[in-house]
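Here, residue 1 is the first one in the sequence, and each next residue gets the next number. None of the values given here were measured: they were computed from a predicted structure. Atoms within each ligand, like the ligands themselves, are counted from 1 in listed order.
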Amino acid sequence: MSVQSISSEELQNVFAVGAGNEQIRNWCATLEAGQVIYFPRTPVPIPPADLETLLAGSQTDSRLHKNIAYKPNRDELTGVDEKTSPPEAVRELHAIMRRYSASVEEFLSRFLAPYQKRWTLDYASYRPIEEQGRDLSTRRRNDLLHTDAFPTRPTKGWRILRFFHNIHPTRTRDWVTGEPFAKVVGHFAPGKLDLPQPDGALAHVGKGIAQSVGLGKLVPQWKRTPYDEFMMQLHNTMKEDSAFQESCVREEFQFAPGSSWMVYTETVPHAVLAGQYALEQTFLVDPAAMVTPESAPVAVLEKMAGARLV
Ligand code: SIN
Ligand code: FE
């Protein structure tokens, strides 16, 4: 079973008794082992007025029918066309996303207490688009099983933790997940994918090209570490390998309306098949803060490569 479900009562009990630490460490270890932590009722409820605005706005205003991102470090909202959207609506959406981001971080500082906030609060997003049948290029498709990697923002080994909330009033958000990280890596490398190397050949070539055309400073993706290079290639290779997509072992989950879930998406292969209206907050977590540091993908890959990759 790769989903661990936690009820509101269980959560309250653990938070209430100071002796919750042992249980909280176990939940961290569960997450690090590649399971999805599922809250049938979200522990981060959003104010009813905010919920109403999000659902009403995206139904009636096509300009808000996009993926909206909130960048907490700059307190910036993107994905909204500021020229055509009423300033009032943009301000309101900005405030809603700011509140959502802060409340998820507040919850996770308690739920992930063993990490002691050794993370960077990354972007939050609002996903109002129906996921079923989206017309996207292969590499951008989220209905193909994949592990996450950021093309322009290398994490240098920091982990990608995502906290989701299905705010659709009646419909589930339908996911599939795949096999454990080490197993998936073993499926592709070596063979379809080079094993990660301390001075990754591809990263090297990329750097060379960028420098020779004078883009060294302008193209941040060339600053990828060998770790990031491998993770990016893994993401692309998984999505582009149709035989793998058809034959790989997969488990299906339907996340209920009003539920939340969190998962390390750079290691757990996942895809969203259907669903609409979700909120999400990303954290980049220091792999050294793990309860089981040996489970971090950078540790798994460095062991395979027999060398440092970041
Ligand atoms: C993804 O990270 O691949 C998409 C997940 C979702 O939006 O439910
Ligand atoms: Fe993803």
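Checked against the Fe ion (ligand 2), the N, O or S atom of His270 at the shortest distance is NE2.
Judged by a 6.0 Å distance limit and a 45° cone about the ring axis, Arg159 is positioned over the six-membered ring of Tyr264. Under the 6.0 Å distance and 45° angle rule, Arg118 does not count as a cation-pi partner of Tyr115.
When atom types are taken as modelled, the side chain of His187 and the backbone of Val185 share no donor-acceptor pair closer than 3.5 angstrom.
With the Fe ion (ligand 2) as the vertex, OD1 of Asp148 and NE2 of His146 span 90° to the nearest 10°.
With respect to the salt-bridge test (charged N to carboxylate O, under 4.0 angstrom), the residues Arg91 and Glu88 qualify.
Of all atoms in ligand 1, numbered sequentially from 1 with element shown, those under 4.0 Å from a heavy atom of His270 are 1 (C), 2 (O), 3 (O).
At a heavy-atom distance under 4.0 Å, only side-chain atoms of Arg127, from C-beta outward, approach ligand 1.
Ligand 1 has a nitrogen or oxygen under 3.5 angstrom from a nitrogen or oxygen of Arg173.
Using cut-offs of 30° and 60° on the angle between ring planes, the pair Trp175 and His270 is parallel.
The closest approach between any non-hydrogen atom of Glu280 and ligand 1 is not below 4.0 Å.
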